[in-house]
Structure formats: C-alpha cells, structure tokens
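Below, each value reflects all heavy atoms present in this structure, side chains not excepted, and no hydrogens, waters or symmetry copies.
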Amino acid sequence: QVQLVESGGGWVQAGGSLRLSCAASGLPFTILSMGWFRQAPGKEREFVAAITWNGADTYYADSVKDRFTISRDNGKNTEYLQMNSLKPEDTAVYYCAAPSQYGPAFTSMTADSLNLYDYWGQGTQVTVSS
C-alpha cells in the first residue's frame, strides 16, 4: 500500500521559513521523481516543485523560484521542501505527489502536470500571516 505522509506545516509570519517533509512507503521511491503541489481555498491545485529520482534536476513554479528548494534523501525515502521568504500568498495546503513507475515519462515538460502523478499525500496546511 502506497503512503505519502507530509509533515512540517504550520503558521508563520511573512518573511519566515518552514520545511516540509514527505515520508514515502509502499513504492520504489529511489527510482521515482517526486513533486510538491499546493491548493489554496477556492483555487485549483497547482504545481510547486519537482525533483528527479537522483536529485540531479529540479523544477519550480515561477512564483516560488529562488525562495523554495526541493530535495530528497533516498536513504530515508523522504523528500523535502524548504520554504524561505514566505508570503501570505503561499498560504495553502501542500501535497506531496509521486508518479507511478509505469506511467508517462517524467520530463521537464511534464513535471508540472497534475496528470503525471498517481499518488498523493493527505496534505499539510501552511499559513503565512502578513
């Protein structure tokens, strides 16, 4: 059974930092690229960041580039999202996501597509106050 469990969300003032973690089990984490998405109230779920299986390549939404950093530890089956210089508009539920190893190819063109990802965590709330 695939499980993705996020942690690390919370409340922070604008300009602050948080680090999210996603612990994965039940899937071949070390060969899978991984992603982070977020969903604010009343809005569509949107891409935040993604990372290839070995961490060699990372991709970011323009809105978080230079502020957020995605990383992974394959020895711990865990991916991370370091979020710095947080803004009120970053307030959302953040989701960890993983594709199926049998699904479409993960490329620079597909990394931000919701349809690429088959497995989702339960989400962790991030609230940034002004």
* Following the transitive rule for hydrophobic clusters with a side-chain heavy-atom cut-off under 4.5 Å over Ile, Leu, Val, Met, Phe, Trp and Tyr, establish whether I70 and L32 coincide in one cluster. =>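 Yes, because I70 and L32 connect within a single hydrophobic cluster, where side-chain heavy atoms sit under 4.5 Å apart.
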* To do: Check the hydrophobic clustering (I, L, V, M, F, W, Y; side-chain heavy atoms under 4.5 Å; chains of links allowed) and say if W36 and V128 are grouped together.
  =>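 Yes, it is one cluster - the side chains of W36 and V128 are joined through contacts under 4.5 Å.
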* Does R45 make a cation-pi contact with W120 (under 6.0 Å, within 45 degrees of the axis)? ->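 Yes.
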Partner set under side chain to side chain contact (heavy atoms under 4.5 Å, CB included) for [X], not counting sequence neighbours:
{"X": "Q125", "result": "T91, V93, T127"}
{"X": "A105", "result": "T107"}
{"X": "S25", "result": "Q3"}
{"X": "D112", "result": "F47"}

Residue pairs involving [range] (criterion disulfide (SG to SG under 2.5 Å); sequence neighbours excluded):
{"range": "residues 78-130", "answer": "C22-C96"}
{"range": "residues 24-93", "answer": "none"}
{"range": "residues 26-92", "answer": "none"}
{"range": "residues 50-92", "answer": "none"}

* How many angstroms lie between atom CD of Q122 and atom CG of L4, to the nearest 0.5 angstrom? ->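 Going from the CD atom of Q122 to the CG atom of L4 covers 9.0 Å.
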* When rounded to the nearest 0.5 angstrom, what distance separates CD1 in I51 from OG in S71? ->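 Atom-to-atom, I51:CD1 and S71:OG are 6.0 Å apart.
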* Let me know which of M83, E6, Q39 forms a side-chain contact (heavy atoms from CB on, under 4.5 Å) with Y94. =>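 Testing each of M83, E6, Q39 against Y94, the sole residue satisfying side-chain contact (heavy atoms from CB on, under 4.5 Å) is M83.
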* Asked: Which pairs count as salt bridge (Lys or Arg N to Asp or Glu O under 4.0 Å) when at least one residue sits in residues 8-32, sequence neighbours excluded?
  ->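 Counting only pairs at least two positions apart or across chains, no salt bridge (Lys or Arg N to Asp or Glu O under 4.0 Å) contact touches residues 8-32.
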* Can you list every salt bridge (Lys or Arg N to Asp or Glu O under 4.0 Å) pair that touches residues 80-108, not counting sequence neighbours? ->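 Checked against salt bridge (Lys or Arg N to Asp or Glu O under 4.0 Å) - neighbours excluded - the pairs reaching residues 80-108 are R38-D90, R67-D90.
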* What ring-ring contact (aromatic ring centres under 6.0 Å, His included) pairs are there with at least one residue in residues 60-92, not counting sequence neighbours? ->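 Non-adjacent pairs meeting ring-ring contact (aromatic ring centres under 6.0 Å, His included): zero.
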* To do: Could I get the full list of side-chain hydrogen bond (donor to acceptor under 3.5 Å, both in side chains) partners for D62, not counting sequence neighbours?
  =>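 Scan of D62 (side-chain hydrogen bond (donor to acceptor under 3.5 Å, both in side chains), adjacent residues dropped) gives K65.
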